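One structure is given below, encoded as structure tokens.
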Protein chains: 2
Amino acid sequence: MNVNEAIDLLKDKGYKTTGKRKDILNFFEKADGYRTAKDLLQHLEATYEGISFDTVYRNLHLYDEVGILETTELNGEKHFRLNCTHHHHHHFICNACGTTKEIAVCPMDEVRQALGNYDIEGHKFEIYGLCPSCQSA
Amino acid sequence: MNVNEAIDLLKDKGYKTTGKRKDILNFFEKADGYRTAKDLLQHLEATYEGISFDTVYRNLHLYDEVGILETTELNGEKHFRLNCTHHHHHHFICNACGTTKEIAVCPMDEVRQALGNYDIEGHKFEIYGLCPSCQSA
DNA sequence: CCATCATACCGTAATGATTACGATTTGTAA
DNA sequence: TTACAAATCGTAATCATTACGGTATGATGG
């Protein structure tokens with residue numbers, strides 16, 4: 001998912017494309033990793049003084065709902081990143097900068113066999129640590 | 001980890017063994033799955049009227065710190081269960097009742113190979129769904 | 001280009017989980 | 001049994017998130 005795809009998606013669904021909405025998309029495109037509502041708020045405050053919590057959270061939820069963003073919970077705080085739409089995969093997440101790296105490995109086939117009579121609704125597989133550039137810093 | 005091991009561990013480390021602390025251990029032994037601070041508070045209020053938040057959270061953190069409990073975050077709320085001390089494994093977690101089932105599968109060997117120059121500090125692998133008894137209910 | 005109106009946004013208050021803290025109580029070891 | 005550190009209480013504070021009435025604004029049809 002990139003900025004243009006996201007804008008088209010919003011228009012298709014009848015949502016308005018405001019300056020703030022575009023800026024939010026650009027923020028996440030540049031981020032290339034997980035960011036919090038607060039990160040986004042701080043970024044937007046530079047351009048839009050007095051921007052409301054409501055605007056930030058409303059748009060994050062909207063983007064999550066329509067599939068522009070994906071979300072995970074780290075240290076008691078929701079984190080968001082642009083949705084990876086292609087194939088199923090998981091992420092390494094850098095504890096220092098939030099950058100992610102895709103991991104192709106997914107063991108759910110084996111797990112499904114081991115859980116015969118359980119109704120599986122979802123799963124979460126994440127690897128945490130330091131990316132190469134944060135190790136040297 | 002069972003109740004007696006936990007009590008011994010507390011004594012070894014110089015912590016006091018109060019009635020509330022024992023009750024907390026019994027609560028988790030009977031639970032056999034993830035529970036929230038609120039779940040525990042409600043349980044304790046039946047016995048100790050006017051018990052404080054502080055007591056509940058302080059002990060949960062203490063138990064987490066010394067390894068009596070393990071913790072995970074579900075739906076924005078911390079959940080706790082008795083620590084499984086034997087071998088490394090992951091959990092299926094029932095979305096309805098919090099009961100857990102061990103999963104032996106862990107793909108971290110493959111992942112480590114795929115992440116050569118990344119410093120891996122931890123990982124999380126959880127499967128969510130409905131356990132057999134919650135499916136029929 | 002302009003009017004209209006639903007949607008988006010602001011300002012701020014409310015909620016829910018968690019943490020913090022001074023005062024009081026209570027295990028525990030001597 | 002005493003003394004003291006640790007545990008607990010009562011309550012206030014914090015932090016992320018959600019909610020809402022009133023105002024502003026993007027998009028569409030004329």
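Quick note on labels: first sequence line is chain A, next is B, and so on, each numbered from 1. Worth saying up front: this structure is predicted, and the values here are computed from it rather than measured. Only this structure's heavy atoms are used, side chains among them; waters, hydrogens and symmetry mates stay out.
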### Message
Contact between B/L44 and B/L40 at the side-chain level, heavy atoms closer than 4.5 Å - yes or no?
### Response
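SC-SC contact between B/L44 and B/L40 confirmed.
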
### Message
Is there a path of hydrophobic side-chain contacts, each under 4.5 Å between heavy atoms of I/L/V/M/F/W/Y residues, joining B/I51 to B/Y57?
### Response
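The answer is yes; both residues are in one hydrophobic cluster.
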
### Message
Restricting to non-hydrogen atoms, name the atom on B/C131 and the atom on B/C94 that form the minimum distance, rounded to 0.1 Å.
### Response
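Heavy atoms only, the tightest pair is N-SG, 3.4 Å.
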
### Query
Can you name the nearest heavy-atom pair linking B/I120 to B/M108, along with the distance?
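Looking at all heavy atoms of both residues, the shortest contact is CG2-CE, 4.0 Å.
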
Looking across every strand, which nucleic acid part, if any, lies under 4.0 Å from [X] by heavy atom: base, sugar-phosphate, or nothing?
X: B/G50; value: sugar-phosphate
X: B/F53; value: base
X: B/T17; value: sugar-phosphate

Side chain of [X] only, please: which of [options] is the nearest?
X: B/Y57; options: D/dA19, D/dA16, C/dA17; result: C/dA17
X: B/K16; options: D/dA5, D/dC9, D/dC20; result: D/dA5
X: A/K78; options: D/dA7, D/dT17, D/dT8; result: D/dT17
X: A/D54; options: D/dC9, D/dT17, D/dA19; result: D/dA19

May I have the distance from [X] (atom [atom1]) to [N] (atom [atom2]), rounded to whole angstrom?
X: A/L44; N: C/dC9; atom1: CG; atom2: P; value: 10 Å
X: A/R58; N: D/dA16; atom1: CZ; atom2: P; value: 20 Å
X: A/H79; N: D/dA16; atom1: NE2; atom2: C1'; value: 12 Å
X: B/L40; N: C/dT18; atom1: CG; atom2: P; value: 12 Å
X: A/R21; N: C/dC10; atom1: CZ; atom2: P; value: 11 Å
X: A/L41; N: D/dT18; atom1: CG; atom2: P; value: 14 Å
X: B/D12; N: C/dA29; atom1: CG; atom2: P; value: 12 Å
X: B/N59; N: C/dT26; atom1: CG; atom2: C1'; value: 14 Å

Would you say a side-chain N or O of [X] is under 4.0 Å from OP1 or OP2 of [N]?
X: A/K20; N: C/dT7; value: no
X: A/T55; N: C/dC10; value: yes
X: A/H61; N: D/dT18; value: yes

#### Entry: Of A/K38 and A/S52, the one whose closest DNA chain D nucleotide lies more 5'
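Result of the comparison: A/K38.
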
### Message
If we check side-chain contact (heavy atoms from CB on, under 4.5 Å) with A/C84, which of these qualifies: A/E70, A/M1, A/H90?
### Response
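With A/C84 as partner, side-chain contact (heavy atoms from CB on, under 4.5 Å) holds for just one option, A/E70.
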
### Toward the 5' end of DNA chain C, by each residue's nearest nucleotide, B/G76 or B/K11
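This one resolves to B/G76.
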
